[in-house]
Enquirer: 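One structure, pasted below without further comment.
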There are 2 protein chains.
Amino acid sequence: MVFYLIGLGLGSPEDVTVKGLQVIKSAAEVYLEAYTSILTCGKESLENFYGRSVVVADRDVVEQESDKLFQRARDEDVAFLVVGDPFGATTHSDLVLRAIEQNIPYKVIHNASIMNAVGCCGLQLYHFGETVSIVFWTDSWQPDSFCEKIDANRERGLHTLCLLDIKVKEQSIENLMKGRKVYEPPRYMTANEACTQLLSVIDSRDKEEKQSGFGKDTLCISLSRVGCDDQKIVAAPLKDMPDYELGPPLHSLIITGKLHPIEEEFLNQFKKP
Amino acid sequence: MVFYLIGLGLGSPEDVTVKGLQVIKSAAEVYLEAYTSILTCGKESLENFYGRSVVVADRDVVEQESDKLFQRARDEDVAFLVVGDPFGATTHSDLVLRAIEQNIPYKVIHNASIMNAVGCCGLQLYHFGETVSIVFWTDSWQPDSFCEKIDANRERGLHTLCLLDIKVKEQSIENLMKGRKVYEPPRYMTANEACTQLLSVIDSRDKEEKQSGFGKDTLCISLSRVGCDDQKIVAAPLKDMPDYELGPPLHSLIITGKLHPIEEEFLNQFKKP
């Protein structure tokens, strides 16, 4: 039969497509991917909405049980649900490659993802350059290579979507060393934290870099819970951004490039007085 | 009440989200945007699926009747349907700006668009640079500025999504001059046509440009009807692309940058023997 990858969209259970819901209702088994993203609405509300049970598939499950999953897909339809669109993260190409190896036909049911829904702030998607990821800094690891990419986009007048770090099923060093499968609560970077890291990169730049790259006055846009009823968008200079509270996750951040007049006008609704 | 912008996704009527469908069923009036994209499934199949009538809104309707539309949205919910996601084309920000001016609250119901669904070919979305548009050349107008953008993306190892021209409600010069509102049938550029234009740009480049830019052997990916049951994807060097038949519209094209091993492996399924 068919291995279905189904995008759930961004917010509530009702964001699934009608086509996706039809497959979910009739599939022999439904897995919910839970290692590259966070479902804002919770598994139970999905199960209530679908009227059926859903198996949460974290990285271990997918890696250890994918044979079982594909075995099942030989004779019956199996659905694999992904928050957003199924082709946002490498791991899903990986899963499709394994399906192909085993001669299991696959189908994709697309949905919105942050990669296109970010257009809701009024910036044109074709004025965006390369998307970057901003990861949590630690005392010993403070990567800032994404800043070059932001600068390279800005040199060409392009906006940059920054995806912010999500840590799911992390183990403390102590638990890891003792081999205890005890996990820390999930963490997600806020737009405020991302901006604080960006400001500290600016501080450490030398004079020449300061002139050519993005700066404290560069207009940024913070977005939270895009596609949900309580979505928030704030447009402000980078230096002011750490002051704005955007509430619960997920957050994203845009560093603007050159603004088109209509983009500029659209952003006015998101500026604070 | 609320002015809803609702994304229809990519292919069939069932690609609407459950949330979108709920609004469509209960709204006082439903408009279907028909000037920046082509609905592959036809208006009638939408009306059958929704169980209600839909007003086709071409550019004239939206420009001349937007006051009427917003007047209505003052007291009742009005839905404005857009193929793909509502924030793919400038014109929709424009419409939202007019709603804001008139103090009409608006809400967006997102869906997949080619901008994110293109990930189905296995190329990672965050390895894409700026998206370009390729327009139909005429005898007197053969713009090729998009080629610089493709080269700039490739310099940084990035892929380029090329959106291909759509001509809807065009008038012949004769009809235009005589003021006759007679329209030509819609036209859409095929991936083959786009590749033929790209090859002719390569031919006209000087030696230095030929070395630095994309070339006849650059791996390209043609996609047609992404998200539909009869979706087709072909991966081949640019020079071979005009030979492949991808069937009915819409088509898109990707010029690859640097390939990650998993991207390369994924693309194998789309290469012709």
Side-chain angles (χ1 to χ4, degrees), chain A residues 7 9-22 49 84-90 93-94 96-97 100 107-122 124-133 149 152-153 156 158 161 163 226-227 229 260 262-263 265-266 269, chain B residues 7 9-22 49 84-90 93-94 96-97 100 107-122 124-133 149 152-153 156 158 161 163 226-227 229 260 262-263 265-266 269:
Chain A
L10 294 161
S12 63
E14 293 82 9
D15 285 326
V16 71
T17 65
V18 173
K19 195 190 270 177
L21 185 60
Q22 285 164 352
F49 183 68
D85 187 75
F87 282 97
T90 322
S93 327
D94 223 59
V96 171
L97 284 175
I100 295 172
K107 278 191 182 171
V108 179
I109 299 181
H110 291 286
N111 210 320
S113 67
I114 189 68
M115 301 294 278
N116 71 334
V118 74
C120 66
C121 70
Q124 296 297 317
L125 293 180
Y126 45 83
H127 294 162
F128 278 79
E130 182 176 9
T131 299
V132 306
S133 294
K149 294 179 180 175
N153 284 337
R156 292 167 59 203
L158 301 172
L161 170 62
L163 302 177
V226 169
D229 279 340
H260 183 279
I262 289 193
E263 293 179 323
E265 197 184 340
F266 203 96
Q269 62 186 302
Chain B
L10 295 161
S12 63
E14 293 82 9
D15 285 326
V16 71
T17 65
V18 173
K19 195 189 273 177
L21 185 60
Q22 285 165 352
F49 182 68
D85 187 76
F87 281 97
T90 321
S93 326
D94 222 58
V96 171
L97 284 175
I100 294 172
K107 277 191 185 175
V108 179
I109 299 181
H110 291 287
N111 210 321
S113 68
I114 189 66
M115 302 293 277
N116 72 333
V118 72
C120 67
C121 72
Q124 296 298 316
L125 293 180
Y126 44 84
H127 293 160
F128 279 78
E130 184 177 6
T131 299
V132 306
S133 294
K149 294 180 180 174
N153 284 337
R156 293 168 58 202
L158 301 172
L161 171 62
L163 301 177
V226 168
D229 279 339
H260 182 279
I262 289 191
E263 292 179 323
E265 196 183 340
F266 203 95
Q269 61 185 303

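Computed from a predicted model, the values in this text were never measured in an experiment. All chains are named by letter (A, B, ...) in the order of the sequence lines, taking the proteins before the strands, and each is independently numbered beginning at 1.
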Enquirer: Return the CD to OH distance between Glu130(B) and Tyr126(A), rounded to the nearest 0.5 Å.
Expert: 11.0 Å

Enquirer: Which atoms of Phe266(B) come close to chain A, meaning under 4.5 Å heavy atom to heavy atom: side chain ones, backbone ones, both, or neither?
Expert: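 Both parts, backbone and side chain.
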
Enquirer: We want to know whether Gln124(B) and His260(B) form a side-chain donor-acceptor pair, criterion being a heavy-atom distance below 3.5 angstrom.
Expert: no

Enquirer: Measure Leu21(B) against the heavy atoms of chain A and call it side chain, backbone, both or neither at under 4.5 Å.
Expert: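 Just its side chain gets close to chain A.
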
Enquirer: How about Met115(B) and Asp85(B): do any of their side-chain heavy atoms sit closer than 4.5 Å?
Expert: no

Enquirer: Among Val118(A), Asn153(A), Val108(A), Leu161(A), single out the residue with the greatest number of heavy-atom pairs under 4.5 Å to chain B.
Expert: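 Heavy-atom pair counts peak at Asn153(A).
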
Enquirer: For chain B, which of Cys121(A), Gly9(A), Ala152(A), Gly122(A) has the most heavy-atom pairs under 4.5 Å?
Expert: Ala152(A)

Enquirer: Take the angle between the ring planes of His110(B) and Phe87(B) and call it parallel below 30°, perpendicular above 60°, tilted in between.
Expert: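 His110(B) and Phe87(B): tilted rings.
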
Enquirer: Looking at His127(B), Arg156(B), Glu263(B), which has the largest count of heavy-atom pairs under 4.5 Å with chain A?
Expert: Arg156(B)

Enquirer: Please classify the contact of Lys149(B) with chain A as side chain, backbone, both or neither, using a heavy-atom distance under 4.5 Å.
Expert: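 Both backbone and side chain.
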
Enquirer: Hey, which of Thr131(A), Ile109(A), Asp15(A), Val132(A) has the most heavy atom pairs under 4.5 Å with chain B?
Expert: Asp15(A)

Enquirer: Go through Cys120(B), Gly227(B), Ser133(B), Gly129(B) and name the one with the most non-hydrogen pairs under 4.5 angstrom from chain A.
Expert: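 Between Cys120(B), Gly227(B), Ser133(B), Gly129(B), the count favours Cys120(B).
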
Enquirer: Can you confirm whether Asn111(A) sits close enough to Asn111(B) that some side-chain heavy atom of one is under 4.5 Å from a side-chain heavy atom of the other?
Expert: yes

Enquirer: Taking every heavy-atom pair that is under 4.5 Å apart, which of Leu158(A), Val226(A), Leu163(A), Asp229(A) has the most such pairs with chain B?
Expert: Leu158(A)

Enquirer: Name the option with the most non-hydrogen atom pairs under 4.5 Å to chain A; the candidates are Asn116(B), Leu10(B), Ile100(B).
Expert: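 Highest number of heavy-atom pairs under 4.5 Å: Asn116(B).
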
